[in-house]
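Structure first, commentary second.
In listed order, ligands and their atoms are each counted from 1. Along the sequence shown, the residues carry numbers beginning at 1.
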Amino acid sequence: MNLRGLPSVEQLLQTQMASELIASYGRPLTLQAIRSTLDEVRRLVSKSSEATLPDREILLTQAASLLHLWTAPTLLPVINASGVILHTNLGRAPLSTAAIQSMDAVSRGYSNLEFNLETGKRGSRLIHAETLLQRLTGAEAAVVVNNNAAAVLLVLSALANKKRVIVSRSQLVEIGGGFRIPDVMRQSGAKLVEVGATNRVHLSDYEEALSEPTALVMHAHHSNFKMIGFTKEPERKEIADLAHKFGVIFADDLGSGTLLATERYGLAHEPTVQESLAAGADLVCFSGDKLLGGPQAGILIGKADLLARIKKHPLARAVRADKLCLAALTATLLHYIKAEAEREIPIWRMISASPKQVKARAEYWAAELGQGEILASESTVGGGSLPGESLPTWVLSLTVKSSDKFLEKLRQEQPPVIARTENDRILLDPRTVLPEQDGVLLVNLANVLQSQKRKRNP
Ligand SMILES: *Cc1c(COP(=O)(O)O)cnc(C)c1O
């Protein structure tokens, strides 16, 4: 096949369509797309003798689709109808309006992130969240880092490098995504001393290990794992008192770390940050984007002298929180200070929604769609908190031919809809769908249902 009829890059660039592409995507990228398109045509044509040469319009349309593909964002908002409130794969906690506004205000221009407005001199980025965390928890000091894994790593690196750290075998958990507490502990250079048996740990196990010089006793939340049956672990207070008797630091990795009492919402009791401090923890760390309902962050609070050492460690600089995180976090913390968390923080609105309210929304969805059944089901909290616990909920259930195909179709909608299946039915839980997403969810659902119908009776 003769390729001489194929237009050159220069010829294509002279067209009106190319000017439009350059205006939208810039010259270098448009050039790349045109070259890629021409290369592809040459490759195809060289393979087949019957191929006809595409005209300019077809070539530029092809270049336009490449440009669209190359510049489409890969990180997209989705509608979470799965009923898992803190879904790590779906970005954990949605932020409150105030948190979003605070990020917006701070990121559009400059801010006093590290600038003291009173003195006109350099300030500390740490004070913004620290002041609120002190007020909220009564802790002497606080530092905010990139995430809770970084907080654990930082505590151990700063306070226990090359020294012994005692941890119960029942708490050597993997929390998902391959993150294992013992791996992080070793990474810090601490010498891990495991005590007790997987299911049963006694205070005497700790006491025995404490007879040798030790830097720290570490307590870690079981996260997404639950022990039942013949189990025993000493209370935080007992371990803290014992550690202190030996002059050893007691650090508590709470994982999710809630400030509100989960039992008030019909869930099991999740240890609170306040309780951990009251039990005698010298340091407490927890995530910003689990039950706190804020941005990704690791929050570390506790004794001022320990936090002073931690803040000075080089790793503290490497894992520090950025201004967007601090803006969203401080706005989130303010909701707790003003006792409006349940109303303003999306995950607490979801947790506190009554089955009756959820049912009304599921019924509204069914009425709008003109199909589906309302079934009693369960929502889960997720995010490594409250394993095995669930909230009674109501879901919209759709009977479809192939649930896998249907789920796939839902994921192709804009925005994608994430649902779950049970016994070949599609279940959609209103609890985790933000109220303002109802409209677009119904449009997307109707689209997918319609496309199924078309396939059945073409
Ligand atoms: C979730 C969790 C972490 C990690 O927190 P990230 O903020 O995701 O880094 C650490 N420890 C425990 C017990 C957890 O549950």
Q: Might you work through the side-chain hydrogen bond (donor to acceptor under 3.5 Å, both in side chains) test for Glu270 and Thr258, ending with a clear yes or no?
A: CA-CA 7 Å; Glu270 174 79 12; Thr258 180; over 6 Å; no

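Within the 3.5 Å criterion, the main-chain N or O of Val143 finds no donor-acceptor partner in the side chain of Glu130.
Arg431 contributes atom CZ, which lies 12.5 Å from atom CG of Asn80 (distance to the nearest 0.5 angstrom).
More than 12 heavy-atom neighbours from other residues, nucleotides or ligands sit within 6.0 angstrom of NZ on Lys311.
For ligand 1, the protein residues placed under 4.0 Å by at least one non-hydrogen atom are Arg92, Asn147, Asn148, Ala149, Ile175, Phe179, Ile181, His221, Ser223, Asp253, Gly255, Ser287, Lys290.
The pair Glu373-Arg425 counts as a salt bridge, with a side-chain nitrogen and a carboxylate oxygen less than 4.0 angstrom apart. The pair Asp241-Lys245 fails the salt-bridge criterion, with no side-chain N (NZ, NE, NH1 or NH2) lying under 4.0 Å from an Asp/Glu carboxylate O.
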